[in-house]
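Encoded as structure tokens, the structure appears first; notes follow it.
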Amino acid sequence: MKLIFLGPPGAGKGTHAVKVSKSLGIPHISTGDILREALAKETPVGLKAKAYMEKGELVPDSIIIQIVLDRIKQNDCKAGYLLDGFPRTIAQAEGLDKKLTKLNGIDSVIYFSVDEEVLINRITGRRLCSNCGANYHIRNLKPVKAGICDKCKSALYQRTDDNEETIRKRFSVFKEQSLPLVEYYKKKNLLKEIEASYKSIDEVNKKVLELLAYS
Ligand code: ADP
Ligand code: AMP
């Protein structure tokens, strides 16, 4: 199954992508994670992406489309994949569509719709494990010991772009450049929307699985 998780920053795409990719046995491809890893390793792509990511702007389409097309060519993607945070522009969606034939195109796009004030709370409280990448929240999904990952006992950290100023920029970028994808996938009859503002992680997960059962 080939899936896309679409939604504003902090909507819960990564949280649910981890669960769904595990249960379906398909790789979870997060362009944000790929870029952060490239940045940490100081690869040429990482160094090019740095300034855009710090400002909350989108990395140029040409760079990101190439990253995704290279990734989905790999063997582990033969039975499908879950794209999280890609596409984020119409040009990226068209770049992906051009590569996929009609027969084995995208099966479903799940759009997580969340109110902006809820998103601010989710993003400012998000914490990640510095070793295994596990996702926590200082109020909604607390680790047993503050600042320490339950799974591997490593330190948790806050993303440098998860500050209020950059978040506002990321929201406006989402509205201007990514929201048109809702119509794009609606027209293709692929869009399934979840209103996820006031539902717990478990409730949203149940809804995602229900929607996917009918894809
Ligand atoms: P995205 O990948 O869309 O940017 P994340 O999956 O990282 O968003 O979620 C952002 C933060 O909100 C994380 O700290 C996560 O634990 C928390 N979170 C996700 N979904 C919910 C929810 N339904 N209720 C409360 N907190 C949530
Ligand atoms: P995310 O982890 O999805 O919140 O993404 C973090 C940052 O990485 C974004 O603010 C962008 O700068 C960059 N990024 C991630 N995915 C994309 C994409 N598909 N297109 C352009 N930039 C991206």
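As the structure lists them, so they are numbered: ligands from 1, and atoms in each ligand from 1. The analysis underlying the following values was restricted to heavy atoms, covering all of them including side chains, and did not include hydrogens, waters or symmetry mates.
Considering backbone and side-chain N/O atoms, Thr31 comes within less than 3.5 Å of an N/O atom of ligand 2. Considering backbone and side-chain atoms alike, Gln92 places an N or O below 3.5 Å from some N or O of ligand 2. For a threshold of 3.5 Å applied to N or O pairs, the pair formed by Val59 and ligand 2 contains at least one separation below that value. For the pair Glu57 and ligand 2, the shortest N or O to N or O distance falls below 3.5 Å. For the pair Gly85 and ligand 2, the shortest N or O to N or O distance falls below 3.5 Å.
Between Pro8 and Arg170 the shortest side-chain heavy-atom distance does not fall below 4.5 Å. Contact annotation: the side chain of Val109 never approaches that of Leu3 to less than 4.5 Å [non-hydrogen atoms, C-beta and beyond]. Considering only heavy atoms from C-beta on, Pro143 stays 4.5 Å or farther from Cys149 through its side chain. In this structure the side chain of Leu179 reaches within 4.5 angstrom of the side chain of Tyr111, judged on heavy atoms.
For the residue pair Asn121/Glu117, the side-chain donor-acceptor check at 3.5 Å is not satisfied. Judged purely by distance below 3.5 Å, without hydrogens or angles, the side chains of Asp97 and Tyr184 pair a donor atom with an acceptor atom. Between the side chains of Lys78 and Asn75, at least one donor N or O lies within less than 3.5 Å of an accepting N or O. For Tyr81 and Asp76, the side-chain atoms include no donor-acceptor pair closer than 3.5 Å. Using modelled atom types and a 3.5 Å distance limit, the side chains of Lys192 and Ser108 yield a donor-acceptor pair.
Among Arg159, Gln177, Glu54, Arg170, the residue whose heavy atom lies nearest to atom 6 (C) of ligand 2 is Arg159.
The protein non-hydrogen atom at the shortest distance from atom 18 (C) of ligand 2 is Arg88 CD, 3.4 Å. Nearest protein neighbour of atom 14 (N) of ligand 2, counting heavy atoms only, is Leu35 CD1, 3.5 Å.
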| request: Assess whether salt bridge (Lys or Arg N to Asp or Glu O under 4.0 Å) is satisfied between Glu195 and Lys207, documenting all intermediate values. | output: CA-CA 10 Å; Glu195 213 308 282; Lys207 188 82 193 148; over 6 Å; no
| field | Full working for side chain to side chain donor-acceptor pair (under 3.5 Å) between Asp161 and Thr166 | value | CA-CA 6 Å; Asp161 60 347; Thr166 314; over 6 Å; no
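Protein residues with a heavy atom under 4.0 Å from ligand 1 are Pro8, Pro9, Gly10, Ala11, Gly12, Lys13, Gly14, Thr15, Arg122, Arg126, Asn135, Tyr136, His137, Asn140, Leu141, Lys199, Ser200, Ile201, Val204.
Proximity of Leu58 to ligand 2, defined as any heavy-atom pair under 4.0 Å, is shared by backbone and side chain alike. Contact annotation for Arg36 and ligand 2: only side-chain heavy atoms (C-beta onward) come within less than 4.0 Å of the ligand.
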